[in-house]
Amino acid sequence: EMCIRDRQSTWGLAVSPEGNRYVTCGGDKTIRLWDLAGFKMLKHAGPLENDLRAVDWAPNGQYVIAADMKGLIYLLNSETLEVLNTFQSSFTNKNQWIEDIKFSPDSSLAAFGAHGGASPIEIPVSYTHLRAHETGRNLVCRLLLEKK
């Protein structure tokens, strides 16, 4: 039941810092929060706009970040799965989806790599806005997370 997602693939999985929950994302365009001990779904977000390909849980436990097939990045509240913000990366071609996304150990940055290339990005994040500055190609992308 946990792995079959309406006959769509599960592409990403991340475990909470406490180790008692995890999130998944996949071809059904949803992000799902699971209880590890009880093996049951607690919440879900979506369906979102596109198939999701990557997900991570911030080490501070506050955020989940996910990326989709067309380069859209979602920042979510880890308790409610409410989408707090989105950012459209430069990877909008169907052959350049984001394959992986990870938070830094202090939860202040996230980096992602895409199939077919990467581009460095710094994104200050608050609950109300995202800004981005792309500075080149063929490097790992960076997202700067800030509280306001």
Side-chain angles (χ1 to χ4, degrees), residues 1-116 118-132 140-148:
E1 179 179 26
M2 288 184 344
C3 296
I4 299 172
R5 302 164 53 89
D6 298 323
R7 297 191 171 101
Q8 298 293 323
S9 300
T10 297
W11 284 90
L13 183 143
V15 178
S16 70
E18 303 84 20
N20 60 343
R21 296 173 294 159
Y22 63 98
V23 290
T24 59
C25 70
D28 64 354
K29 305 177 184 180
T30 65
I31 300 167
R32 298 175 187 255
L33 176 65
W34 301 89
D35 173 53
L36 192 58
F39 297 107
K40 65 179 182 175
M41 186 177 65
L42 302 173
K43 295 182 187 295
H44 76 278
L48 300 172
E49 189 174 332
N50 303 299
D51 292 2
L52 295 149
R53 291 294 190 250
V55 67
D56 197 27
W57 202 309
N60 69 10
Q62 296 178 2
Y63 303 106
V64 168
I65 197 164
D68 75 15
M69 183 104 188
K70 294 188 178 176
L72 189 60
I73 298 167
Y74 300 87
L75 182 69
L76 299 98
N77 176 295
S78 64
E79 294 297 320
T80 65
L81 293 186
E82 173 190 0
V83 176
L84 302 173
N85 229 320
T86 61
F87 169 72
Q88 179 61 60
S89 75
S90 63
F91 303 110
T92 57
N93 183 312
K94 69 177 182 176
N95 297 323
Q96 293 181 318
W97 64 87
I98 294 174
E99 288 189 1
D100 201 9
I101 193 162
K102 296 293 180 210
F103 277 101
S104 64
D106 68 357
S107 302
S108 68
L109 294 172
F112 65 93
H115 181 81
S119 174
I121 298 176
E122 294 184 11
I123 305 174
V125 177
S126 76
Y127 291 107
T128 59
H129 74 282
L130 284 175
R131 291 180 310 209
V140 173
C141 306
R142 295 187 314 153
L143 309 175
L144 177 60
L145 307 178
E146 296 178 339
K147 278 190 167 182
K148 284 211 169 194

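Start at 1 with the first residue, then count along the sequence.
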Enquirer: Find out whether M69 and K29 are in side-chain contact, i.e. whether some heavy atom of one side chain is under 4.5 Å from a heavy atom of the other.
Expert: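 Of all side-chain heavy-atom pairs linking K29 with M69, none is under 4.5 Å.
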Enquirer: Rounded to the nearest 0.5 Å, what's the gap from CG on L76 to CG on L48? Could you check?
Expert: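 The CG atom of L76 sits 7.5 Å away from the CG atom of L48.
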Enquirer: Can you check side-chain contact (heavy atoms from CB on, under 4.5 Å) on V83 and T86, steps first, answer last?
Expert: CA-CA 8 Å; V83 176; T86 61; 3.8 Å; yes
Enquirer: Using side-chain contact (heavy atoms from CB on, under 4.5 Å), reason through Y74 and D68 one step at a time and then give a plain yes or no.
Expert: CA-CA 8 Å; Y74 300 87; D68 75 15; 3.5 Å; yes
Enquirer: Look at the side chain of S16 and the backbone N and O of R21, then say whether any donor-acceptor pair between them is shorter than 3.5 Å.
Expert: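 Checked: pair present.
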Enquirer: Provide the closest heavy-atom pair for S107 versus N60 in the form atom of the first, atom of the second, distance.
Expert: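 Scanning both residues completely, I find the closest heavy atoms to be OG-N, 2.9 Å.
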Enquirer: Can you tell me how far the CG atom of D35 sits from the CE atom of M41, to the nearest 0.5 Å?
Expert: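 CE of M41 is found 12.0 Å from CG of D35.
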Enquirer: Output all residues satisfying salt bridge (charged side-chain N to carboxylate O under 4.0 Å, His left out) with E82, sequence neighbours left out; order by chain, then residue number.
Expert: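 Not a single residue meets the salt bridge (charged side-chain N to carboxylate O under 4.0 Å, His left out) criterion with E82.
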Enquirer: Taking the side chain as C-beta and beyond, is there a heavy-atom pair between Q88 and L72 under 4.5 Å?
Expert: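 Yes, at least one pair of side-chain atoms sits under 4.5 Å.
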Enquirer: Any idea which heavy atoms bring D28 and P47 closest together, and the distance?
Expert: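 Shortest heavy-atom contact: O-CB, 4.1 Å.
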Enquirer: Which distance, rounded to the nearest 0.5 Å, do you find between the NZ of K102 and the CG of D56?
Expert: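 Those atoms lie 4.5 Å apart.
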Enquirer: As an exercise, state the distance from CG of D100 to CH2 of W11, rounded to the nearest 0.5 Å.
Expert: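 Here the interatomic distance stands at 12.0 Å.
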Enquirer: How far apart are the closest heavy atoms of A67 and I98, and which atoms are they?
Expert: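 Taking A67 first and I98 second, the nearest heavy atoms are CB-CG2, 3.5 Å.
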Enquirer: What is the distance from atom CG of L13 to atom CH2 of W34, rounded to the nearest 0.5 Å?
Expert: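 These two atoms lie 10.5 Å from each other.
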Enquirer: Taking all heavy atoms of A66 and all of I31, pick out the closest pair and write down the distance.
Expert: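 Looking at all heavy atoms of both residues, the shortest contact is CB-CD1, 3.6 Å.
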Enquirer: Provide the closest heavy-atom pair for Y22 versus V15 in the form atom of the first, atom of the second, distance.
Expert: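 For Y22 and V15, the tightest heavy-atom pair comes out as CB-CA, 3.9 Å.
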Enquirer: Kindly give the heavy-atom pair with the smallest separation between P17 and P59, and that separation in Å.
Expert: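 Heavy-atom minimum between the residues: CG-O, 3.3 Å.
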Enquirer: Tell me, do I65 and F87 make a side-chain contact under 4.5 Å, heavy atoms counted?
Expert: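 They are not in side-chain contact.
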Enquirer: Go through W57 and S78 one step at a time and tell me if the side-chain contact (heavy atoms from CB on, under 4.5 Å) criterion holds.
Expert: CA-CA 8 Å; W57 202 309; S78 64; 3.7 Å; yes
Enquirer: Does the T10 side chain pair with the main chain of G26, one donor and one acceptor, at a distance under 3.5 Å?
Expert: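 Between the backbone of G26 and the side chain of T10 there is no qualifying donor-acceptor contact (under 3.5 Å).
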Enquirer: State the NE2-CG distance between H44 and L33, to the nearest 0.5 angstrom.
Expert: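 Reported value, rounded in 0.5 Å steps: 11.5 Å.
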